[in-house]
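What follows is a short report on a single structure.
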Amino acid sequence: VTGGFTVAIDGPAASGKGTISRALAAHFGFAYLDTGLLYRAVGAKVLDGMMPEVAARQLEKDDLESDALRSPEVAQEASRVAALPEVRAALTDFQRSFAARAGGAVLDGRDIGTVICPEAQVKLFVTASAEVRAQRRYAELSGKGMAVTLEQVLADVLARDARDSTREEAPLKPAADAVRIDTTELAIADAVAAAVKLIEAAQRR
Ligand code: CDP
Ligand code: CDP
């Protein structure tokens, strides 16, 4: 893939990838793709009775808009369909073309630095303790009025991390050249500032 400047951001559930990615995209004027939404949209269609491979091949922009994609049920189904090679293959070209945009792009997910954009100019692996991640996601979901408990959210996060890390195809793991950012005790602004420095340094190279 040739094209613009690509920032690849991977990490486990609710580590802060999306928040950091959006801030970086705004700062540098890059386009942003939340690749988790693609798998969530396929998961939602499967919960509605569609075959995963068919759902992945037929995915359209409108399918990514629904608020329901944020529910824990959809997140679990996303993680299940994400283990299927046919589903991942059907979503690869779209992600790679997005990454190659002339104006620069930030993509976040699980396999961006390892599989989708191994040539990305900057790769980050964002982590935080499971307890802190569950607390943050719990605050987010309950703030949206969803009926969840902290215990359920922690169980959801741990189950997805385990499935995502141990699957055969494109497992969740840091690329060899990824910079780790642990946000357990790091404020969003500090995480973003660290990432901005890394990107600026890469742009000068
Ligand atoms: O995209 P990902 O699932 O990795 O996480 P996120 O949606 O960016 O972050 C999950 C929640 O944690 C959001 O409500 C963020 O505002 C919050 N967060 C935080 O409190 N401190 C951080 N350093 C990073 C994220
Ligand atoms: O926001 P959060 O980190 O909780 O989840 P997400 O990024 O929306 O991803 C939902 C699920 O999609 C993950 O648990 C993974 O199983 C899958 N996924 C993936 O396999 N590869 C990606 N590049 C992005 C998401």
Side-chain angles (χ1 to χ4, degrees), residues 1-13 15 17-18 20-22 24-26 28-70 74-126 160-161 163-178 195 199 202-203:
V1 176
T2 58
F5 193 93
T6 307
V7 182
I9 307 194
D10 293 302
S15 52
K17 305 178 297 295
I20 294 170
S21 298
R22 276 189 294 274
L24 292 175
F28 291 99
F30 295 159
Y32 167 52
L33 180 64
D34 172 358
T35 68
L37 270 187
L38 305 174
Y39 295 93
R40 284 174 183 258
V42 173
K45 284 179 181 285
V46 169
L47 289 175
D48 284 342
M50 208 183 269
M51 295 284 290
E53 300 76 11
V54 176
R57 277 198 301 270
Q58 296 182 350
L59 211 58
E60 291 181 27
K61 284 236 158 61
D62 283 355
D63 298 326
L64 309 179
E65 307 286 306
S66 162
D67 274 350
L69 298 184
R70 290 294 161 201
V74 170
Q76 280 300 335
E77 194 58 37
S79 168
R80 287 191 203 100
V81 300
L84 303 173
E86 301 80 9
V87 166
R88 306 200 71 86
L91 301 174
T92 300
D93 285 351
F94 174 72
Q95 295 175 80
R96 288 195 175 140
S97 330
F98 193 99
R101 284 180 179 214
V106 183
L107 287 80
D108 79 0
R110 301 293 184 288
D111 64 336
I112 309 303
T114 51
V115 173
I116 299 296
C117 304
E119 311 296 330
Q121 282 81 355
V122 174
K123 297 181 188 176
L124 305 179
F125 195 80
V126 182
R160 281 199 290 135
D161 289 354
R163 196 186 291 113
D164 294 348
S165 311
T166 57
R167 69 185 175 215
E168 199 109 334
E169 189 87 0
L172 165 66
K173 66 169 182 202
D177 53 349
I199 293 171
Q203 283 179 325

Close side-chain approach of [X] to [Y], heavy-atom, < 4.5 Å:
X: R40; Y: R70; answer: yes
X: K17; Y: D10; answer: no
X: F125; Y: L172; answer: yes
X: I9; Y: L24; answer: yes

Using modelled atom types and a 3.5 Å cut-off, is there a donor and acceptor pairing between side-chain atoms of [X] and backbone atoms of [Y]?
X: T6; Y: A99; value: yes
X: R96; Y: I116; value: yes
X: E169; Y: A83; value: no
X: K45; Y: A56; value: no

Do the ring planes of F30 and F28 sit parallel (below 30°), tilted (30 to 60°) or perpendicular (above 60°)? parallel

Contact summary for [X] and [Y], nearest pair of heavy atoms:
X: G113; Y: K123; value: O-NZ, 3.0 Å
X: A55; Y: V42; value: CB-CG1, 4.0 Å
X: V74; Y: A68; value: CG2-O, 3.6 Å
X: G43; Y: E77; value: O-CG, 3.4 Å
X: I112; Y: A8; value: CG2-CB, 3.5 Å
X: V115; Y: A170; value: CG2-CB, 3.9 Å

Mind checking the [atom1]-[atom2] spacing from [X] to [Y]? Nearest 0.5 Å is all I need.
X: L33; Y: R101; atom1: CG; atom2: CZ; value: 8.0 Å
X: I20; Y: D108; atom1: CD1; atom2: CG; value: 9.5 Å
X: L59; Y: Y39; atom1: CG; atom2: OH; value: 10.5 Å
X: M51; Y: Q58; atom1: CE; atom2: CD; value: 11.5 Å

If you count the non-hydrogen atoms of other residues, nucleotides and ligands that lie under 6.0 Å from CE in M50, is the total more than 12? yes

Counting heavy atoms not belonging to D48, are there more than 12 under 6.0 Å from its CG? yes

With respect to D164, which candidate in R80, R88, R110 satisfies the salt bridge (charged side-chain N to carboxylate O under 4.0 Å, His left out) definition? R110

